Amino acid sequence: CVLNGVANNMMDMDQDPRKRLCFADGRRKVDYVLVYHYRKRSSVRGSPSQHRLSIISNGSYPLGVEEKDQEGGKDEPAEVVVDVGPPDPADGEKIMIREEFEGNLKDAGLEIEHDKENKAHGHAFIRLHAPWQVLSREAEFLKIKVPTKKSYELREEKGLAATMNEAWRKLNQPFQPKVPHQEQEHSRTKFLSHCFSRDKLHLQSSQSLFPGILRCPLFCLTGITTLIANGVYDSAFPLHDGDFHPSGQAEGKNDRQLLHDEWARYGAFYKYQPVDLIRKYFGEKIGLYFAWLGVYTQLLIPASVVGIIVFFYGWATVETNIPSQEMCDEDQNFTMCPLCDRACDYWHLSTACGTARASHLFDNPATVFFAIFMSLWAAMFLEHWKRRQISLNYSWDLTGMEEEEEHPRPKYETILLQKRQRKKKNKKNKNEVVTLNVFLPSQTGHEKLTWRDRLPGYLINISSILFMFGMTCSAVFSVIIYRITISALMAMSPDPEVKSNVRVTVTATAVIINLVVILILDEIYGMVAAWLTELEIPKTETNFEERLILKAFLLKFMNAYAPIFYVAFFKGRFAGRPGDYVYVFNDYRMEECAPGGCLIELCIQLSIIMLGKQLIQNNIFEIGIPKLKKLCRTLKDKERAPKEIVEQPGRRQQWHLDYDLEPFDGLTPEYMEMIIQFGFVSLFVASFPLAPLFALLNNVIEIRLDAKKFVTELRRPDAIRAKDIGIWYNILSGLGKFSVIINAFVISFTSDFIPRLVYQYMYSETGTMHGFINHTLSYFNVSNFKPGTVPSISSLGKDITFCRYKDYREPPWSTEPYQFSKQYWSVLAARLGFVILFQNLVITMSMLVAWVIPDVPKNISEQLKKEKTLLVDVFLNEEKEKLQLIQSLFSRDLTQEQQEELKVSDQTSLSSSQTAQYNHRDRFTWICSVCLKDC
């Protein structure tokens with residue numbers, strides 16, 4: 001019986017898991033899988049002859065039983081199909097397209113194995129295998145570099161450097177992943193690499209020649225994206241290397257099991273990533289992402305250490321900080337103006353002692369040093385990554401890689417086809433059919449979409465992005481209104497405990513609301529960015545990805561940092577002064593900064609948004625959403641599958657298991673969350689020195705979370721060649737430069753660093769900070785309050801004549817009362833001067849760091865030069881040996897005169913070959929022509 005044969009075959013495959021990755025013959029490996037959904041009207045049991053008769057009677061096309069069983073090789077009674085209704089024209093067209101496409105695959109040299117469509121409907125899997133002839137042809141076309149038999153010894157270091165390197169290697173040994181053959185990376189022997197050529201197989205090494213880029217035959221699958229978009233195929237993916245669960249034998253583990261054990265476990269958090277194995281399994285593009293993430297995480301360690309030192313410096317000096325002592329001194333008795341109209345009372349500055357002490361933890365002289373350090377850290381990070389990237393390009397044989405021509409995207413081809421059809425229709429309407437038939441083929445071959453075709457998309461893009469910016473600002477403004485109204489309502493409460501906790505309650509709840517709004521708008525902006533990019537009709541996937549990244553980054557950057565920018569640079573700047581406050585909706589006063597300054601509120605805002613975004617969006621969403629998608633897809637498949645169909649007995653094949661996994665959606669979300677985090681670490685680090693520490697802790701978990709997702713929850717992505725991380729490097733570089741400006745303004749305008757310096761060196765009589773708080777507080781005559789704004793009930797008594805507020809303004813007894821004082825303009829000039837000095841100093845130091853650190857490591861530069869010389873010698877010797885062999889074969893048939901002519905030509909061509917890259921084919925042709933002439 002057929003089912004028994006299938007069951008026996010499946011049992012045989014269960015005995016050897018490797019056969020589950022192969023064709024039915026157990027030898028040819030499945031390199032790629034195509035999946036499509038088929039549907040049949042009804043089914044009956046019968047013979048192939050009956051099936052053919054039914055086909056003739058109803059005129060439908062046979063599906064899946066037109067050949068003998070390749071596995072059994074016998075004509076067994078099979079399940080056949082009789083269509084009782086008219087076939088779906090769309091399904092018939094898809095069948096024809098699939099047949100044509102698969103025929104093209106066979107013509108390209110790929111070997112194909114089909115599933116039998118023995119159910120009423122379901123998923124059919126097409127397995128593809130790329131034989132050696134196809135791989136070698138495409139490797140030569142793509143100029144894949146492979147190792148040759150020629151090797152050389154690396155220069156051995158001596159002296160102190162060798163001792164230090166050996167000690168460092170031993171210290172790092174416990175942190176290295178246990179990957180077989182990893183010792184080869186530390187070997188002193190290096191094999192030369194050269195572009196693969198079928199004419200030089202004798203020079204190339206016998207080890208595995210081709211990387212993962214060629215195990216996925218995308219070079220033969222041009223247009224598969226279009227077919228998937230049009231519903232011809234459901235999906236296309238390469239297979240995983242079997243199950244990821246460990247087999248118990250260290251040597252017998254496949255690459256997926258190695259990655260799971262040494263990389264995708266949380267218990268391996270302290271180990272380095274096996275970047276070479278990641279590249280081998282997933283391709284260069286994904287390998288570069290995890291290498292970049294590893295470099296970024298490693299460099300967060302020194303930044304975290306310095307941030308902790310700065311924080312503890314503030315904690316250690318808080319007791320000796322004179323401004324904090326003056327604010328906490330009840331004997332000073334600074335009576336402050338009310339924080340709101342009517343309901344709020346006068347209050348003493350000493351009640352804000354806790355806020356002042358907490359503010360000093362982040363607003364101290366060490367903060368300036370840390371801001372400069374982090375700006376230089378960003379420059380060093382980029383330079384270090386460039387060196388690491390070049391090192392990986394060298395070790396992965398990507399040096400000299402050329403850009404490959406990409407196939408146009410499906411939508412681009414569709415829009416272009418519609419444009420051609422419109423042109424054809426317009427010409428027919430003008431009775432130019434003859435001219436069209438003559439000139440259309442040559443014109444359409446070079447036709448492309450112009451800016452006029454994309455103009456509507458560009459206009460929609462600009463207007464939509466401006467609208468999204470307005471939406472973000474509206475969300476921030478709504479939270480501001482919430483803070484103002486809740487503050488006023490809580491101030492009116494008769495409960496004194498509620499009144500005392502107004503600022504803490506309002507700040508905490510507002511930040512949580514901001515976080516929720518940011519998370520919601522992030523998801524919306526991601527979808528909007530993809531829709532807007534589609535409207536631009538990019539030609540290739542690379543263009544589409546770059547434009548999508550720019551839009552998504554712009555929108556998400558604005559969304560994540562808008563509340564932080566408001567607190568840092570706008571809050572309290574436009575609130576007015578007592579007697580002349582700025583009101584919202586004519587009833588609510590604009591909010592002001594806390595008595596200790598806005599920097600502590602900026603710190604709270606930044607920390608909650610950063611930690612909440614990392615915890616909820618980067619971790620919980622990454623774990624929960626893929627599982628929900630998988631559950632929904634499983635339920636959908638169960639509803640679509642008929643209940644009466646029973647699965648084939650035996651263990652499911654690897655392609656069935658991989659199809660159940662979540663499809664890979666690209667690296668853009670992974671990069672985006674890290675880039676936003678990099679902004680938190682670099683842009684406002686002057687207000688939150690512990691940001692690098694929290695980023696480091698998040699990334700240690702993020703690396704293993706992403707690894708687990710790639711190894712166990714996602715289909716294996718297509719291996720894509722890449723030399724760098726693309727446009728993300730430009731974004732990082734821009735953020736690094738922008739962070740210098742932001743930190744300069746945070747230190748100058750948000751913190752009290754500049755006012756303290758100005759007071760100490762210009763206005764202090766003793767040259768100390770004594771009297772600084774009194775210097776920053778202005779006077780206001782309570783009789784100048786507007787009617788209806790005076791506190792209705794005052795617990796401090798009715799003998800208050802003046803109240804104080806934080807600003808640099810003339811006192812009421814001055815000739816220009818309440819105008820900005822000279823101290824205000826002195827502080828403003830110092831702030832602007834510091835911004836200019838800080839920017840120029842840090843940018844100059846960053847440029848110096850970039851100039852001092854070379855992009856290409858010295859050892860790699862030397863090895864590249866040496867390998868180039870050795871390759872010249874290898875091919876020169878090959879040419880010489882080939883000529884000597886040909887001369888020995890034909891010397892017996894040549895005359896003495898021809899032999900002399902051959903020797904002279906040999907010397908001439910040999911010397912010219914040193915400058916013409918030794919074109920041996922032309923010389924061989926010349927020798928053969930000489931011999932044929934003699935014959």
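As the structure is a prediction and not an experimental result, all values here were calculated from the model. Position 1 is the first residue of the sequence; numbering continues from there.
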Discussion item. Does either side chain, that of Gln677 or that of Tyr296, offer a donor lying less than 3.5 Å from an acceptor on the other one?
Written reply: yes
Fill in: Check ion pair Lys613-Asp522 (N to O, under 4.0 angstrom)
yes
Discussion item. Restricting to non-hydrogen atoms, name the atom on Glu541 and the atom on Thr225 that form the minimum distance, rounded to 0.1 Å.
Written reply: OE2-CG2, 4.3 Å
Worksheet item: Quick one: does Asp25's side chain get under 4.5 Å of Arg28's, heavy atoms only?
Response: yes
Practice prompt. Would you check if the distance from the ring center of Phe290 to the ring center of Phe282 is below 6.0 Å?
Written response: no
Practice prompt. Apply salt bridge (charged side-chain N to carboxylate O under 4.0 Å, His left out) to Glu262 and Lys271, showing your working.
Written response: CA-CA 8 Å; Glu262 299 297 326; Lys271 292 185 177 181; 2.8 Å; yes
Fill in: Check against side-chain contact (heavy atoms from CB on, under 4.5 Å), Val33 and Asp658
CA-CA 10 Å; Val33 177; Asp658 285 5; over 6 Å; no
Worksheet item: Quick check: does any side chain N or O of Ser391 sit under 3.5 Å from a backbone N or O of Arg387, one acting as donor and the other as acceptor?
Response: yes
Discussion item. Under the salt bridge (charged side-chain N to carboxylate O under 4.0 Å, His left out) test against Lys253, which residue among Asp241, Asp243, Asp261 passes?
Written reply: Asp261
Worksheet item: When you look at Asn172 and Gln176, which way does the side-chain hydrogen bond (donor to acceptor under 3.5 Å, both in side chains) test go after all the steps?
Response: CA-CA 7 Å; Asn172 273 335; Gln176 297 295 335; 5.3 Å; no
Worksheet item: Within 45 degrees of the axis of the six-membered ring of Tyr32 and under 6.0 Å from its centre: does Arg127 put its NZ or CZ there?
Response: no
Fill in: Residues Glu545, Lys285; criterion salt bridge (charged side-chain N to carboxylate O under 4.0 Å, His left out); working and verdict
CA-CA 13 Å; Glu545 185 179 11; Lys285 189 171 185 178; 3.1 Å; yes
Discussion item. Donor-acceptor pair, distance only, cut-off 3.5 Å: does the side chain of Arg704 make one with the backbone of Ala268?
Written reply: yes
Worksheet item: If only atom types and distance count, is the side chain of Trp396 paired as donor or acceptor with the main-chain N or O of Arg279 below 3.5 Å?
Response: no
Worksheet item: Atom OG of Ser304 and atom CZ of Phe694: how far apart are they, to the nearest 0.5 Å?
Response: 10.0 Å
Item to complete: For residues Thr540 and Arg409, report the shortest heavy-atom separation together with the two atoms involved.
Response: O-CD, 3.4 Å
Fill in: CA sep, side-chain torsions, deciding dist, call: Glu284, Arg721, salt bridge (charged side-chain N to carboxylate O under 4.0 Å, His left out)
CA-CA 5 Å; Glu284 285 81 1; Arg721 300 177 77 197; 5.3 Å; no
Item to complete: Would you confirm whether Asn699, through its side chain, and Glu702, through its main-chain N or O, come within 3.5 Å as a donor-acceptor pair?
Response: no
Worksheet item: Is there a side-chain contact between Ile144 and Cys195 (heavy atoms, below 4.5 Å)?
Response: no
Worksheet item: Heavy-atom distance under 4.5 Å between the side chains of Ile224 and Phe101, does that happen here?
Response: yes
Discussion item. Are the side chains of Lys145 and Phe196 in contact, using a 4.5 Å heavy-atom criterion?
Written reply: no
Worksheet, complete the sentence: Closest heavy-atom pair, Ala552 versus Met672, reported as atoms and distance to 0.1 Å, is CB-CE, 3.7 Å
Worksheet item: CD1/Ile727 to OG1/Thr542 distance, rounded to the nearest 0.5 angstrom?
Response: 11.0 Å
Worksheet item: Are Ile675 and Leu732 close enough that some pair of their side-chain heavy atoms sits under 4.5 Å apart?
Response: yes
Discussion item. Before we go on, tell me: are the rings of Trp655 and Phe237 under 6.0 Å apart, centre to centre?
Written reply: no
Worksheet item: Can you tell me if Asn393 and Thr399 form a side-chain donor-acceptor pair at under 3.5 Å?
Response: no
Practice prompt. Give the intermediate values and the outcome of salt bridge (charged side-chain N to carboxylate O under 4.0 Å, His left out) for residues Lys556 and Glu523.
Written response: CA-CA 9 Å; Lys556 293 188 176 184; Glu523 301 300 321; over 6 Å; no
Response to the item:
Shortest non-hydrogen pair, Leu667 vs Phe710, comes out as CD2-CZ, 3.8 Å
Discussion item. For a side-chain contact (heavy atoms from CB on, under 4.5 Å) check, start with the C-alpha distance between Gln173 and Trp168, then their side-chain angles and the critical distance, and finish with the verdict.
Written reply: CA-CA 9 Å; Gln173 192 63 34; Trp168 179 252; over 6 Å; no
Worksheet item: Do the ring centers of Tyr659 and His123 come within less than 6.0 Å of each other?
Response: yes
Response to the item:
Closest non-hydrogen contact found for Ala130 with Asp31 is N-OD2, 2.8 Å
Item to complete: Test side-chain hydrogen bond (donor to acceptor under 3.5 Å, both in side chains) on Tyr281 and His240 and set out the steps.
Response: CA-CA 9 Å; Tyr281 194 78; His240 278 293; 2.7 Å; yes
Worksheet item: Got Pro238 and Arg715 here, is their nearest side-chain heavy-atom distance under 4.5 Å?
Response: no
Discussion item. Does atom OH (Tyr266) have a neighbourhood of more than 12 heavy atoms from anything else shown, all under 6.0 Å?
Written reply: yes
Practice prompt. Evaluate the ring-ring contact (aromatic ring centres under 6.0 Å, His included) criterion for residues Trp728 and Tyr289: first the C-alpha distance (whole Å), next the side-chain angles of each, then the deciding distance (0.1 Å), finally the verdict.
Written response: CA-CA 10 Å; Trp728 296 110; Tyr289 163 71; 9.3 Å; no
Worksheet item: Does the side-chain contact (heavy atoms from CB on, under 4.5 Å) test come out yes or no for Glu102 and Ile112, once each step is laid out?
Response: CA-CA 8 Å; Glu102 292 164 17; Ile112 301 179; 4.1 Å; yes
Worksheet item: Donor-acceptor pair, Ser235 side chain versus Val35 backbone, under 3.5 Å?
Response: no
Fill in: Sequence-distant partners of Asn859, side-chain hydrogen bond (donor to acceptor under 3.5 Å, both in side chains), two or more places apart
none
Item to complete: Kindly indicate whether the side chain of Leu259, heavy atoms from C-beta on, has any atom under 4.5 Å from the side chain of Leu277.
Response: yes
Worksheet item: Quick one: which of Ile126, Asp234, Ile228 gives a side chain to side chain contact (heavy atoms under 4.5 Å, CB included) with Leu34?
Response: Ile126
Worksheet item: Once you round to the nearest 0.5 Å, how far does CG of Asp724 lie from CG of Leu392?
Response: 11.5 Å
Item to complete: Measure across His384 and Val295 and return the closest heavy-atom pair with its distance rounded to 0.1 Å.
Response: CD2-CG1, 3.4 Å
Worksheet item: Looking at Phe381 versus Trp385, is the centre-to-centre ring distance below 6.0 Å?
Response: no
Worksheet item: How far does CZ of Phe23 sit from NZ of Lys29, to the nearest 0.5 angstrom?
Response: 12.5 Å
Worksheet item: Taking atom CD of Gln654 and atom SG of Cys22, what is their separation to the nearest 0.5 Å?
Response: 11.5 Å
Discussion item. Before you tell me yes or no, could you show the steps for Glu713 and Leu661 under side-chain contact (heavy atoms from CB on, under 4.5 Å), namely the whole-Å CA-CA distance, both residues' side-chain angles and the distance that decides it to 0.1 Å?
Written reply: CA-CA 6 Å; Glu713 298 178 4; Leu661 299 177; 5.6 Å; no
Worksheet item: Side chains of Phe664 and Arg716: closer than 4.5 Å at any heavy-atom pair?
Response: no
Fill in: Sole residue of Met674, Gln389, Arg388 in side chain to side chain contact (heavy atoms under 4.5 Å, CB included) with Trp292
Met674
Worksheet item: Between atom CD1 of Ile860 and atom OG of Ser395, what is the distance when rounded to the nearest 0.5 Å?
Response: 7.5 Å
